[in-house]
Amino acid sequence: MNTWLMKSEPDVFSIDDLKRAKTTGWEGVRNYQARNFMRDEMKPGDLVLFYHSNAEPSGVAGVAKVAGPPIPDPTQFDKKSEYYDASSKPVAPTWLMVTVSFVEAFDAVVPLATLKAEKALAGMALLQKGQRLSVQPVSRAHFAKVLSLAKANTKV
DNA sequence: GCCAACGTTGGC
DNA sequence: GCCAACGTTGGC
């Protein structure tokens, strides 16, 4: 099993939205590196840190898991979608996505500042300057550390 | 709202 | 193939 981090703007789709939906297709990724991770490396059962970007505060909000194999992102063929891609043909879809399902929502978001302050997380891709990748691998050790920070953060 | 960092596009 | 211009991401 591999572990991952996926970013979403909570104004668009938050961990609570995933809790309600239970499962969702990870639509709208239009970055080749992120797509390649979903297409080639994510496997059902892999665990995912659900990250809120452009949020107050930004940070890890919960955990999801990969629910199914990569499938074509339907929004690329939907002319009404902001993610419509006229250059992508149904016989050879450019954009694949995985589906993810809800695992847990933390009692409180683990803020980016907390992650940055944690020496054990120094190597995390998320924390590298200028990185904007919305789907990225996370080491098992980093994943476990973020979970422990979330538990330490639990309101009693 | 600002702006640094990055990815993509398109002229040449 | 180079690279300037542009659009986007995302923290602050």
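Note on naming: letters A, B, ... go to the chains in the order of the sequence lines (proteins, then strands), and numbering restarts at 1 for each one. For the numbers below, each heavy atom of this structure counts, side chains included, while hydrogens, waters and symmetry mates do not.
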Base, backbone or nothing for each nucleotide of nucleotides 2-10 of chain B, written B, S, -, heavy atoms under 4.0 angstrom, 5' to 3'? ---BBSS--
Close side-chain approach of A:His52 to A:Pro10, heavy-atom, < 4.5 Å: yes
Which residues in residues 47-58 of chain A have a heavy atom closer than 4.0 Å to any atom of DNA chain C? A:Tyr51, A:Ser53, A:Asn54, A:Ser58
Could you walk me through whether A:Arg30 and A:Asp73 satisfy the salt bridge (Lys or Arg N to Asp or Glu O under 4.0 Å) test, starting with their C-alpha distance in whole Å, then the side-chain angles of each, then the deciding distance to 0.1 Å, before giving a yes or no? CA-CA 10 Å; A:Arg30 295 294 180 268; A:Asp73 179 341; 3.1 Å; yes
Would a distance-only check, ignoring hydrogens and angles, find a side-chain to backbone donor-acceptor pair under 3.5 Å from [X] to [Y]?
X: A:Thr99; Y: A:Gly68; answer: yes
X: A:Gln136; Y: A:Leu126; answer: yes
X: A:Ser8; Y: A:Phe13; answer: yes
X: A:Glu9; Y: A:Ser14; answer: no

Please set out all donor-acceptor pairs under 3.5 angstrom arising from side-chain atoms of residues 38-49 of chain A, sequence neighbours excluded.
residue: A:Arg39; atom: NH2; partner: A:Asn36; partner atom: OD1; Å: 3.3
residue: A:Asp46; atom: OD1; partner: A:Asn2; partner atom: N; Å: 3.0
residue: A:Asp46; atom: OD2; partner: A:Trp4; partner atom: NE1; Å: 2.9
residue: A:Asp46; atom: OD2; partner: A:Lys43; partner atom: N; Å: 3.0

